[in-house]
Amino acid sequence: MSRANRTAISPKRSENYPEWYQQVVRAAELAENSPVRGCMVIKPWGYMLWENMQRVLDDMFKATGHKNAYFPLFIPVSYLEREARHVEGFAKECAVVTHHRLEAGEKGKLVPAGELEEPLVVRPTSETIIGETFAKWIQSYRDLPLLINQWANVVRWEMRTRLFLRTAEFLWQEGHTAHATREEAIEETLRMLDVYADFAENWMAMPVIKGEKTEGERFPGAVNTYSIEALMQDRKALQAGTSHFLGQNFSRAANIAFTNEEGNRNLAWTTSWGASTRLIGGLVMTHGDDDGLIIPPKLAPSHLAILPVLHGKADRSGILEYCNRIKEELGATTYHGRNLWVEIDDRDLRGGEKMWSWIKKGIPTWIEVGPREMASKSVFLGRRDKGPKGRKGVDLDEFLATFPQVLDDIQDNLYRRALQFREDHTKRLHCKDDFYAFFTPQNRELPEIHGGYALAHYSGEPEVEEQIQKDLSVTVRCIPQTDGGEPGTCIFTGKPSAGRVVFAKSY
RNA sequence: CGGGCCGUAGCGCAGCCUGGUAGCGCACUUGCAUGGGGUGCAAGGGGUCAGGAGUUCAAAUCUCCUCGGCCCGACCA
């Protein structure tokens, strides 16, 4: 392939999507596999991205009245046992600590010793231990609502893992709240769903559908589960955040009770909600292209790479000084809550090679600065959303004055592009045959990218969901909040349906 | 955990069928020349061929087991 139309990532998305994903994560230096099965090493570029996500989400949680706290990594097995459906849901994927020391064995081996009286589970989620704590903290209605969030790592011993999308250990936040009334708790559940949707759309530039999960997809122990669902470029849905109304299930299990104004003892109503490093996987698959990652400016670890063109008899120090002035001026500029971050890349590499390394990492913009720019007081600006062919010279003063708008324009462009993609691959389907055709690849041996979101009427029988999952690996992603409940007829059973639901293959 | 494919230098691969103890491209190191789309020439470094056991005079190559990766299924943020 000629250099001019070679892509930085191979295979391309259209050739082998899962492999493309792995290659982007590697090429962008987000993360790599570790010696520990199913666990990843998050590299600095990936971790900075996560820190930005954390910061923004954390601000949103604080703005809605939540406070951070930290609870133990280890949970006594007996805690988990208290809520029957919760046990069922998590028992199979728990890492269990049974010993508390190592002793020297044969041939220098270390063997576990000192068996624990009660095994400890490495938290897969913290409802039980936080519930136990809440029970102590809450005595009176005056202690409510209790609005807590925790940033933590959790472990779920998954059978199949993929970097960021599903790893045995992952980073997340889990919010846990307790309320005096059912209504208040439901309100909280939906408020946090809105926070996630706001974050996804306005920060990640990732359009999402908000909705309620069907019974089969519900969090173990929840009364209702809500999620935001994003459509990836292989047209599979990604659950990008969840919010659960837990009713009084966990209050009953942990005895989270309070005395109300009338002096009566009541069980609290609780919620929990979480978003994880999986969001990074979603970002890769929403915006990435065949040249690598594309990071929305509002979350980018770095907004601008300055690539000085230093060669031959060029005025090296003059150019570097010119670059430094740009860096200093932009670095003092606030952009959506933090200062612009600018890097001068003066590595001794060829220009093209250097440029491509930043393209693969997904930096929103880069400028090349050499003698020509110096002479004409300009910069040669590249935008990641437009690709290397779209670079152009811009007057320096104009560049400095408009740079934040350029970033906003990229942010908007990424969102519009992703929204367009979703609309292009969302179909309203009116019969079962069309539904099956929509989700069946032309080539069964080597399935091409197919499907998308199917909006169809569904009367709610769990057996129907089981059947289509068996036939097509398609599930109900959610019952969308937005669809106003236009009634119709279920395309599977012919029974009345209250509204269309969203079907898709999913991660 | 079931079915399929795969594991050879940092990355991508050839060699395996028809055993004779390792090769290619990119990357890396050094030098020179270069230098605005991923450079050229030259000289180098790096692999217990995923791990273990077996068959054999001899195993990357054949057999078995284990581990890891990807896809499909089950499960799942």
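When reading the values below, keep in mind they use all heavy atoms of this one structure, side chains included, and skip hydrogens, waters and symmetry mates. Every chain is numbered from 1, with letters handed out A, B, ... down the list of sequences.
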Next on the checklist: Please classify the nucleic acid contact of L349(A) as base, sugar-phosphate, or nothing, using heavy-atom distances under 4.0 Å.
Outcome noted: base
Checklist entry - So, is R350(A) near the phosphate of rG36(B), with a side-chain N or O under 4.0 Å from OP1 or OP2? => result yes
Checklist entry - Would E321(A) and R325(A) pass as an ion pair if we require N to O under 4.0 Å? => result yes
Checklist entry - Distance between the P atoms of rU30(B) and rG69(B), in whole angstroms? => result 35 Å
Checklist outcome for this item: pair_partner(rC75(B)), Watson-Crick or wobble, both distances < 3.5 Å, evaluates to none
Next on the checklist: Work out how far the C1' atom of rG47(B) is from that of rA9(B), and round it to whole angstrom.
Outcome noted: 5 Å
Next on the checklist: Over all strands shown, is T161(A) touching base, sugar-phosphate only, or nothing at heavy-atom distances under 4.0 angstrom?
Outcome noted: sugar-phosphate
Item to check | Nucleotide of rC75(B), rC72(B), rC70(B) approaching E158(A) most closely (side-chain heavy atoms) | outcome: rC75(B)
Checklist entry - Could you go step by step and tell me if C478(A) and I209(A) meet the side chain to side chain contact (heavy atoms under 4.5 Å, CB included) rule? => result CA-CA 8 Å; C478(A) 69; I209(A) 295 180; 3.8 Å; yes
Checklist entry - Counting side-chain heavy atoms from C-beta on, which of rG36(B), rC70(B), rG38(B) comes nearest to A8(A)? => result rG38(B)
Checklist entry - At under 4.0 Å between heavy atoms, what does Q239(A) touch on the DNA or RNA strands: base, sugar-phosphate, or nothing? => result sugar-phosphate
Checklist entry - Can you check the E368(A) CD to rG38(B) P distance for me, whole Å? => result 11 Å
Next on the checklist: Pick the closest RNA chain B nucleotide for D348(A) and for K470(A) by heavy atoms, then say which residue is nearer the 5' end.
Outcome noted: D348(A)
Item to check | Pairs touching residues 79-96 of chain A that satisfy side-chain hydrogen bond (donor to acceptor under 3.5 Å, both in side chains), sequence neighbours left out | outcome: R82(A)-E132(A)
Next on the checklist: Within the 4.0 Å heavy-atom criterion, would you say G370(A) contacts the bases, only the backbone, or no part of the nucleic acid?
Outcome noted: base
Next on the checklist: Please classify the nucleic acid contact of A275(A) as base, sugar-phosphate, or nothing, using heavy-atom distances under 4.0 Å.
Outcome noted: nothing
Next on the checklist: Applying the Watson-Crick and G-U wobble criteria at under 3.5 Å, what pairs with rG31(B)? Answer none if nothing qualifies.
Outcome noted: rC41(B)
Checklist entry - Is K360(A) touching bases, backbone alone, or none of the nucleic acid, heavy atoms closer than 4.0 Å? => result base
Next on the checklist: Looking at R391(A) and rG37(B), is any side-chain donor or acceptor paired with a base atom of the opposite kind under 3.5 Å?
Outcome noted: yes
Next on the checklist: Go nucleotide by nucleotide along RNA chain B from the 5' end; which of A240(A) and Q23(A) gets its closest nucleotide reached first?
Outcome noted: Q23(A)
Item to check | Atom P, compared across rC11(B) and rA74(B): separation rounded to whole Å | outcome: 33 Å
Item to check | S276(A) side-chain N/O to R278(A) backbone N/O, donor-acceptor pair under 3.5 Å | outcome: yes
Checklist entry - Say you pick atom C1' in rG36(B) and the same atom in rG51(B); how far apart are they, in whole Å? => result 49 Å
Next on the checklist: At 4.0 Å (heavy atoms only), tell me whether Q469(A) reaches a base, stays on the sugar-phosphate, or touches nothing.
Outcome noted: sugar-phosphate
Item to check | Pairing of E217(A) and R477(A) as salt bridge, 4.0 angstrom limit | outcome: yes
Checklist entry - Starting at OH of Y507(A) and ending at P of rC71(B), how long is that distance when rounded to a whole Å? => result 8 Å
Item to check | P gap between rA59(B) and rA50(B), integer Å | outcome: 15 Å
Let me have the donor-acceptor pairs involving side chains of residues 21-30 of chain A, under 3.5 Å, with sequence neighbours excluded, atom names and distances please.
residue, atom, partner, partner atom, Å
Y21(A), OH, L163(A), O, 2.7
Q23(A), NE2, E19(A), OE2, 2.7

Checklist entry - So what does I359(A) hit on the nucleic acid, given a heavy-atom distance under 4.0 Å: a base, only sugar-phosphate, or nothing? => result nothing
Checklist entry - Heavy atoms under 4.0 Å, any strand shown: does P388(A) hit a base, just sugar-phosphate, or nothing? => result base
Checklist entry - How many Å lie between CZ on R384(A) and C1' on rG37(B), as a whole number? => result 14 Å
Item to check | Atom-to-atom span, CZ of F439(A) to C1' of rC72(B) - whole angstrom | outcome: 17 Å
Checklist outcome for this item: Taken to the nearest whole Å, CD/E217(A) to P/rA77(B) is 8 Å
Next on the checklist: Once you apply a heavy-atom cut-off of 4.0 Å, does R26(A) come out as touching a base, just sugar-phosphate, or nothing?
Outcome noted: sugar-phosphate
Item to check | Whole angstrom value for the distance that separates P of rA74(B) from CD1 of I468(A) | outcome: 12 Å
Checklist entry - Which value, in whole Å, describes the distance between the P atoms of nucleotides rC49(B) and rG23(B)? => result 14 Å
Next on the checklist: Below 30° counts as parallel, above 60° as perpendicular, anything between as tilted: where do the rings of W172(A) and F170(A) land?
Outcome noted: perpendicular
Next on the checklist: Without decimals, in angstroms, what is the distance between E353(A) CD and rG40(B) P?
Outcome noted: 11 Å
Next on the checklist: Please name the nucleotide paired to rG46(B) by Watson-Crick or G-U wobble geometry with both distances under 3.5 Å, or report none.
Outcome noted: none
Item to check | Step-by-step side chain to side chain contact (heavy atoms under 4.5 Å, CB included) determination, R162(A) to Y507(A) | outcome: CA-CA 10 Å; R162(A) 298 182 74 183; Y507(A) 279 92; 3.0 Å; yes
Item to check | Flag for H303(A)-E343(A): side-chain donor and acceptor within less than 3.5 Å | outcome: no
Checklist entry - Sub-3.5 Å donor-acceptor pair from the side chain of K361(A) to the main-chain atoms of L293(A), do we have one? => result no
Would you list the protein and nucleotides 66-68 of chain B atom pairs, both N or O, that sit under 3.5 Å from each other?
residue, atom, partner, partner atom, Å
rG68(B), OP1, R37(A), NH1, 3.4
rG68(B), OP2, R37(A), NH1, 3.3

Next on the checklist: With rounding to the closest Å, how many angstrom separate the P atoms on rG46(B) and rC64(B)?
Outcome noted: 36 Å
Checklist entry - Over how many whole Å does the gap from K389(A) atom NZ to rG36(B) atom P extend? => result 18 Å
Checklist outcome for this item: Among rC70(B), rG12(B), rA77(B), the one nearest any side-chain atom of R162(A) is rC70(B)
Checklist entry - Got a donor-acceptor contact below 3.5 angstrom from the T286(A) side chain to the L283(A) backbone? => result no
Next on the checklist: Rounding to an integer number of angstrom, what distance separates rA14(B) and rC57(B) when you compare their P atoms?
Outcome noted: 32 Å
Checklist outcome for this item: Considering only heavy side-chain atoms of R372(A), the closest of rC75(B), rC70(B), rG36(B) is rG36(B)
Checklist entry - Do you know the tightest heavy-atom contact between L231(A) and R422(A)? => result CD2-CA, 4.0 Å
Checklist outcome for this item: Under a 3.5 Å limit on both distances, the Watson-Crick or wobble mate of rG36(B) is none
Next on the checklist: Pairing check on rC70(B): which nucleotide meets the Watson-Crick or G-U wobble criteria with it, both distances under 3.5 Å?
Outcome noted: rG4(B)
Next on the checklist: I'd like to know if E373(A) reaches the base of rG36(B) with its side chain, counting only an N/O donor and acceptor under 3.5 Å.
Outcome noted: yes
Next on the checklist: Let's test this: given Watson-Crick or G-U wobble pairing with both distances under 3.5 Å, identify the partner of rU56(B).
Outcome noted: none
Checklist entry - Which one is paired to rC26(B), where only Watson-Crick or G-U wobble pairs with both distances under 3.5 angstrom count? => result rG10(B)
Item to check | Verify stack between W172(A) ring and rA77(B) base, 5.5 Å, 30 degrees | outcome: no
Checklist entry - Can you tell me the Watson-Crick or wobble partner of rU18(B), both distances under 3.5 angstrom? => result none
